[in-house]
Amino acid sequence: MANNSGAAEKEAHLAHHFVDSEQQFEASKLGMWVFLVTEILFFGGLFVAYIVYRSWHPDLFEQAAMTLDTTLGAVNTGVLIVSSLTIVLAVRAAQINDQRQQLIMLGSTIALAITFMVVKYFEYASKFEAGMLPAGLYTYEGIEHELAPVFYSIYYMLTGLHGIHVIIGIGLISWLMVNAAKGTYHSGYFTPIEIVALYWHLVDIIWIFLFPLLYLIE
Amino acid sequence: MADSGSRTLRIREFPIEENPPKNYLNHERGLMSWLFTLDHKRIGLMYLASIVIAFFLGGMLAVGLRTELWTPAGTFIDADTYNHIFTLHGVIMVFLFIIPSIPAALGNIFLPIMLGAKDVAFPRLNLASFWVYSLGAVFALYSIAHGGVDTGWTFYTPYSTETGSAVISMTLGAFIMGFSSIMTGVNFIATIHKMRSPGMSWGRMPLFLWSLYATSIIQVLATPVLGITLLLLVMERALGIGIFDPALGGDPVLYQHFFWFYSHPAVYIMIVPAFGIISELITTFSRKVIFGYWAIALSSLAIAFIGFLVWGHHMFVSGQSELSSVVFSFLTFFVGIPTGIKVLNWVTTLYRGSISLKTPMLYAMIFLILFTIGGVTGIMLGALSVNVHLHDTYYVVAHFHYVMMGGTVFAFLGGLHYWWPKIFGKMYNEFWAKVSAVILFIAFNVTFLPQFVMGSQGMPRRYFNYIEEFQVMHQISTVGSWMLGVGFIIMAIYLVHSLYKGEKAPSNPWGGRTLEWMTASPPIHHNFEHTPVIIHGPYDHHKPIREFRLGIAGSDNGHGHHTNGDGAHTEEVESGDQTGSR
Amino acid sequence: MSLHHVLPLKTMIGTAVALFVLTILTVAVYYIDFPDPLNTIVALGIATVKAALVCMFFMGLYWDTKFNTLVLLSSLLFFLIMIGIILLDTLFRDAPFQIYG
Amino acid sequence: MFERFAEFFLPPQRSTVAAEVDGLFHFIHISGFILFIGIVATIVYFAIKYRRKSEDEITPVISHNTRLEIAWSVIPTIMILIVFSWGFRGFLNVNTAPSDAFEINVTGVSWFWEFEYPDDGIMLTDELVVPVNQPIKLNMRSEDVIHSFFVPDFRIKKDVLPGRNTTTWFEATEVGESIMFCAEYCGTEHSAMDATIRVVSEEEYEEFLEEEAVDIEDMPLAELGELTFQQQGCQSCHSVDGTDMVGPSMQGLYQSERELDDGSTVTADEDYLRRSIVDPRAEVTAGYPNNMPTFYGDRLSDREIDALVTYIKELQ
Ligand code: HEA
Ligand code: HEA
Ligand code: CUA
Ligand SMILES: [Cu+2]
């Protein structure tokens, strides 16, 4: 534990209240995992709403899923998987002290995240056009079910909240890039990249569930 | 750990410097040094100030409510104002006062010290949590200024989506404060896991920390659901998304599930830290090892867990399925078992102790009495058929004031008096402290005992008007609330007086054994001059006190200009069995 | 994964490939008609496997202290509690009366 | 002695389910009280007996006692199992209406109650008349927000939800009047949303049915207006004697100048009265909340609206 070994040299990134880098790293990581738990339960509430309404109106969900574009959904799934790969590679690059690769990998992650959002934009745009808006504003007439508006509310809440997370992720990764360019991260200290990567993977995982739950219902 | 295994660790006793000239309160000056401090003690103190303000605000509103209820019809305000006031009273007391009260104020100050750490794991997050809390409070104030809210603190749909009041800003405020609560929880969990000083094994952790640990778990698991609930409510109002609003095909009972999934566990966020304080008080003031350390430690976790399974007991008459009502009722009672174990263990700890009825101990006893009443009436409410009659009556109001005010607030006051000398380095006037404790105890019962009777007779809650039969009871209750006000005024006077004129406090006025008593009063900026080493349990009052002041020899924190005090005691200990488990 | 453990490149790429294959699989399965609940079960099963892969390798739980896995699993447990008990209500409500036309 | 005490605590038992509920209520209070006294007595005894006599007292190390701890886990467990099953049984009684129950429809509206006797075509507001010793089943629904139907004397309570039906039932055991409250917070007049439940004998009930079943068709308009005004719950927001309530008083309304909240003024002619009833949110009188229910338009027949307007016109 925190026994002051004296051997651990004090490094620049080490906050004064930690004994050594190891303790700081482990604490940050545990903190991040605990934070991810809160994220899961945050989305969990929406999933509960989804499950309850689907169990009440399975037919509605089948019909409504037809209006969603499976291809775009699948493409976006792929995009997020690749971005998950690139961000772990960024972590790895830090571990092996390869600054150039760090920057490339972080950059590609951002590019992929933006791609995701662009695809999402086109999806939303076509829905808006057709009047498939959240309940209060809903005007689409293709689905014969009185609760169709509620389905779209759930859809927008889930994907919208996820989208906000993607945007936050883009911000965080940009911040990492700025630091990485300054050479902040190396094999002795890469906690921020590791932490943001954990966050990014969670965003990926949530999409992994959203995809079949929203797009692949029959 | 790089260097584990059996290595010899040189430890020695560190003398405590009494009333050091430089302490955390004065080592830096100026407003900015407070607002942007990363020191957990200062952040805790800012929290303490905020919640005290919130409590007084909420309390004034309560006195207003009670005064209005003096007569059956309008006394001095109209129905809408009354509805706004009880909502604000509930929201302020719950979200601004009681949830952050013990963990974020007292917990923040003492958790790192009791662990022997220099700070919490994430000091910046800690500061952020305070600022987020303040931002939430600003939203709440904004909403008060712009029409207030009249939904009750439960924000039930569809009323909350239809009423004309400022529901959006108020729910956003609660939403934001939720994040602050999460931040504190994350921080505490990481700190307890990773920042314990050598020898601080799980079995040597003070029970206050165990209770904060259990609390943090609840905060982390339950609060996000409140977040999403309130977000959905905001969207419901702003866009009409229809998930909870029956006019659009939604289901209002689903809202209640979401809300109580958070808010029932939240009542354990309120009470479990109070349990922790009581454990500290009882042992210190009876100078005795706690009876059933593990039972008390683990029952906090058990309460935290079971607390997640019972939320539906608020919904027995709401139109949820009968099946789920029955399941919820059955599970509800099981919270009583671990709680009962705690209560009885505390009582047994007194047996053959050396009991000193100082003010904090007085509060601990008041807690035991009032909380038992509150808890047993909770069991009453959990019983299905009786709940049908008592739901949403003053019986419920009395129940939750007995647990929240009689339980949490009195434990908080106990903790405040217990740690006051440590926090400020000043002693308060013991006589007046006892006087006010006794007044509060009597006044509290005068206020809320009649509410049990009214409730049983059928007086519904959130009522601006009532039928004449209830007037006598209401008036007794109102007088009680004024008496509470008097009690608190006395307290405010002697506490403020102690800050300016109080005697200097010694480092260990009560003879406690936990680490916060092994540093100066008030503590120095880095808590300890050394890295503390723990070789005994937290309540081993039968062991000599100097064995609780050990630290790693030569660990000066990089700040030390202290000399080896006289009689410094050096000892060699195998580190293999002393390091805290991970 | 501790400070000193460098992520193995092959495992990372392998994980990504596996995720791709599973995504294709899940879309493919979508076009096959299974009897009713099976469809959902298969889709969710695949999603769960994918999520597990991400957690174990990308997020490093495979190498990490087991406690972090426990933290993650606790969130699932509490999610299941929430939905499980809520379904006890929503699936078992009395069929609504039709007295008002 | 005990009875006096019980009467002090609880309202009279006027339904068939009340006795069982009260039994459990007293059981928990008494056993809880014994437990409580035990705990308090022990604390006080210890605090006196073991008070600190000198500063250097050494206390014994008593870390646990397995037998004691098992005892105080098992005994409460037994207690709660008793409480649970007792409460469960009572709950089934309170929730399961006998099959021969007489059905009445209840509608909660902010802030009054409507009771409809479907077989007899009777509508009552804020008053329910039922025969004694006859199970009554209430089919309840809300027009707007959640309300709750609570009769302390009968020990029943059930939320009344919009868009969904809930039910409760009771069998009154004695003739008399009982008060019924709204127990779910529903806005400004929540605390005034009560009703009287009149339990009458079999004969009186027959009389009541005959009296109420008047022929609406032949009634003069003004009289029908007065009846409708009461039956539809208008009087819970509007007085007819000039007192200000949630809504403006109807007295002297006709032909007066009304100031609207957009600043304009209108004369309260016949047409305005009609508009105010059918679409009250279109023109909102200044100084009043915009919360008059909008559904009256669909619920009232044309003749009833005419009648209301005639009635209001006469209130000078
Ligand atoms: C600090 C807060 C707090 C705490 C700790 C509790 C504790 C408990 N509460 Fe309470 N409760 C509230 C705050 C709290 N409550 C609030 C705020 C509301 C109302 C919300 C609103 O609607 O606005 C409420 C409402 C409420 C209801 C809903 C009432 C209604 O609206 O119809 C119920 C029903 O079951 C209930 C039950 C319980 C139970 C069983 C416990 C148990 O945890 C109590 C356990 C303790 C004991 C049992 C005593 C000690 C034990 C012994 C001495 C051993 C012997 C015991 C036995 C033999 C059983 N509470
Ligand atoms: C931590 C939680 C907490 C605390 C401590 C309190 C404290 C008090 N509460 Fe509150 N209460 C709630 C939480 C709390 N309450 C909640 C959640 C509700 C439900 C709201 C809802 O229905 O939505 C509620 C509802 C509630 C009601 C029911 C309203 C209704 O249903 O119509 C009443 C009525 O008596 C009441 C009274 C009081 C009183 C007299 C105190 C007293 O203990 C207060 C004592 C404090 C002071 C007196 C202030 C400090 C002293 C001074 C500032 C000195 C000056 C004073 C004078 C000059 C008199 N409360
Ligand atoms: Cu209707 Cu309260
Ligand atoms: Cu509860």
Side-chain angles (χ1 to χ4, degrees), chain A residues 21-22 25-26 29-30 32-34 36-41 43-45 47-48 51-56 58 70-71 73-74 77-78 80-82 84-89 91-92 95-96 187-191 194 197-198 200-202 204-206 208-213 215-218, chain C residues 1-9 11-13 15-17 19-20 22-24 26-27 29-31 33-34 36 39-40 42-44 46-55 57-61 64-65 67-76 78-80 82-83 86-87 89-91:
Chain A
S21 311
E22 184 83 18
F25 179 72
E26 295 279 324
K29 205 147 96 177
L30 174 63
M32 191 61 197
W33 273 107
V34 174
L36 294 187
V37 165
T38 69
E39 287 279 18
I40 292 174
L41 282 152
F43 277 95
F47 278 108
V48 167
I51 295 172
V52 166
Y53 276 94
R54 183 161 168 188
S55 73
W56 276 338
T70 312
T71 320
T77 313
L80 280 190
I81 291 173
V82 180
S84 259
L85 178 64
T86 53
I87 202 160
V88 278
L89 292 183
V91 175
R92 188 171 181 280
Q95 288 177 331
I96 57 175
S187 63
Y189 176 66
F190 52 89
T191 314
E194 170 84 20
L198 285 180
W200 190 252
H201 295 311
L202 187 84
D204 184 15
I205 290 179
I206 287 171
I208 285 179
F209 281 99
L210 285 184
F211 175 54
L213 285 180
Y215 295 78
L216 303 182
I217 311 173
E218 27 165 10
Chain C
M1 165 181 32
S2 87
L3 258 183
H4 316 289
H5 177 270
V6 177
L7 296 166
L9 188 60
T11 317
M12 295 303 126
I13 294 177
T15 309
V17 170
L19 289 173
F20 262 109
L22 287 170
T23 307
I24 295 169
T26 193
V27 177
V29 167
Y30 168 61
Y31 291 104
D33 248 336
F34 289 115
D36 201 22
N39 255 320
T40 321
V42 170
L44 278 182
I46 295 178
T48 310
V49 173
K50 284 164 73 180
L53 284 176
V54 174
C55 289
F57 301 112
F58 282 170
M59 301 171 92
L61 283 180
D64 214 340
T65 76
F67 187 76
N68 288 349
T69 313
L70 194 74
V71 171
L72 175 71
L73 289 181
S74 73
S75 70
L76 296 184
F78 283 85
F79 171 71
L80 290 179
M82 183 178 180
I83 182 61
I86 288 183
L87 284 177
D89 169 22
T90 58
L91 294 182

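Letters A, B, ... are given to chains in the order of the sequence lines, protein chains preceding strands, and every chain is numbered from 1.
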Q: What class does the angle between the rings of A:His201 and C:Phe58 fall in, given that below 30° is parallel, 30 to 60° is tilted and above 60° is perpendicular?
A: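 Taking C:Phe58 first and then A:His201, their aromatic rings lie parallel (interplane angle under 30°).
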
Q: Any side-chain heavy-atom pair from C:Phe57 and C:Leu7 closer than 4.5 angstrom?
A: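 No, too far: nothing below the 4.5 Å cut-off.
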
Q: Count the heavy-atom pairs under 4.5 Å between each of A:Leu36, A:Ile40, A:Leu213, A:Ile81 and chain C, then report the option with the highest count.
A: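 Greatest number of close heavy-atom pairs with chain C: A:Ile81.
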
Q: Using every non-hydrogen atom in the two residues, find where A:Leu198 and A:Met32 come nearest and quote the distance to one decimal.
A: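 Nearest heavy atoms, A:Leu198 then A:Met32: CD1-CG, 3.9 Å.
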
Q: Tell me, side chain or backbone of A:Ser84 under 4.5 Å from chain C's heavy atoms, or both, or neither?
A: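 For A:Ser84, the contact with chain C is made by backbone and side chain together.
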
Q: For A:Leu85, is it the side chain, the backbone, both, or neither that has a heavy atom closer than 4.5 Å to a heavy atom of chain C?
A: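 Both parts, backbone and side chain.
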
Q: Using non-hydrogen atoms only, which part of A:Trp56 is less than 4.5 Å away from chain C: side chain, backbone, both, or neither?
A: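 A:Trp56 touches chain C through side-chain heavy atoms alone.
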
Q: Is A:Ile206 in contact with chain C via its backbone, its side chain, both, or neither, using a 4.5 Å heavy-atom distance?
A: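 For A:Ile206, no heavy atom lies under 4.5 Å from chain C.
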
Q: Quick one: which of C:Thr48, C:Ile46, C:Leu91 has the most heavy-atom pairs under 4.5 Å with chain A, could you say?
A: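 Answer, by heavy-atom pair count under 4.5 Å with chain A: C:Thr48.
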
Q: Just do the side-chain contact (heavy atoms from CB on, under 4.5 Å) check on A:Ile205 and A:Phe209 with the steps written out, would you?
A: CA-CA 7 Å; A:Ile205 290 179; A:Phe209 281 99; 4.1 Å; yes

Q: Under 4.5 Å from any heavy atom of chain A, what part of C:Ile86 do you find: side chain, backbone, both or neither?
A: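 C:Ile86 touches chain A through side-chain heavy atoms alone.
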
Q: Any idea which heavy atoms bring A:Ala74 and C:Val27 closest together, and the distance?
A: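 Looks like CB-CG2, 4.2 Å.
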
Q: Measure distances from A:Leu41 to the heavy atoms of chain C and classify the residue's part below 4.5 Å as side chain, backbone, both or neither.
A: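 Just its side chain gets close to chain C.
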
Q: How far apart are the C-alpha atoms of C:Phe67 and C:Val71, what are their side-chain angles, what is the distance that settles it, and do they pass the side-chain contact (heavy atoms from CB on, under 4.5 Å) test?
A: CA-CA 6 Å; C:Phe67 187 76; C:Val71 171; 3.6 Å; yes

Q: Counting heavy-atom pairs under 4.5 Å with chain A, which one of C:Leu72, C:Leu87, C:Leu22 comes out on top?
A: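 Maximum pair count with chain A is reached by C:Leu72.
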
Q: Would you mind checking which part of A:Phe211 comes under 4.5 Å of any heavy atom in chain C, side chain (CB onward), backbone (N, CA, C, O), both or neither?
A: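 Just the side chain, heavy atoms under 4.5 Å.
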
Q: So, do C:Thr69 and A:Trp33 sit near enough that their side-chain heavy atoms are less than 4.5 Å apart?
A: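 A side-chain contact under 4.5 Å is absent here.
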
Q: Could you look at C:Ile83 and say if it's the side chain, the backbone, both or neither that has a heavy atom under 4.5 Å from chain A?
A: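 Contact with chain A: backbone and side chain both.
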
Q: Between the main-chain N or O of A:Lys29 and the side-chain N or O of A:Glu194, is there a donor-acceptor pair closer than 3.5 Å?
A: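 It does not hold such a pair.
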
Q: Is chain C contacted by the side chain of A:Ile87, its backbone, both, or neither, given a heavy-atom distance below 4.5 Å?
A: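 No part of A:Ile87 comes within 4.5 Å of chain C.
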
Q: Show the nearest heavy-atom pair for residues C:Leu53 and C:Thr15, with the distance to one decimal.
A: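 Heavy atoms of C:Leu53 and C:Thr15 come nearest at O-CG2, 4.0 Å.
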
Q: Is A:Leu216 close to chain C through its backbone or its side chain, or both, or neither, when contacts mean heavy atoms under 4.5 Å?
A: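 Both parts, heavy atoms under 4.5 Å.
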
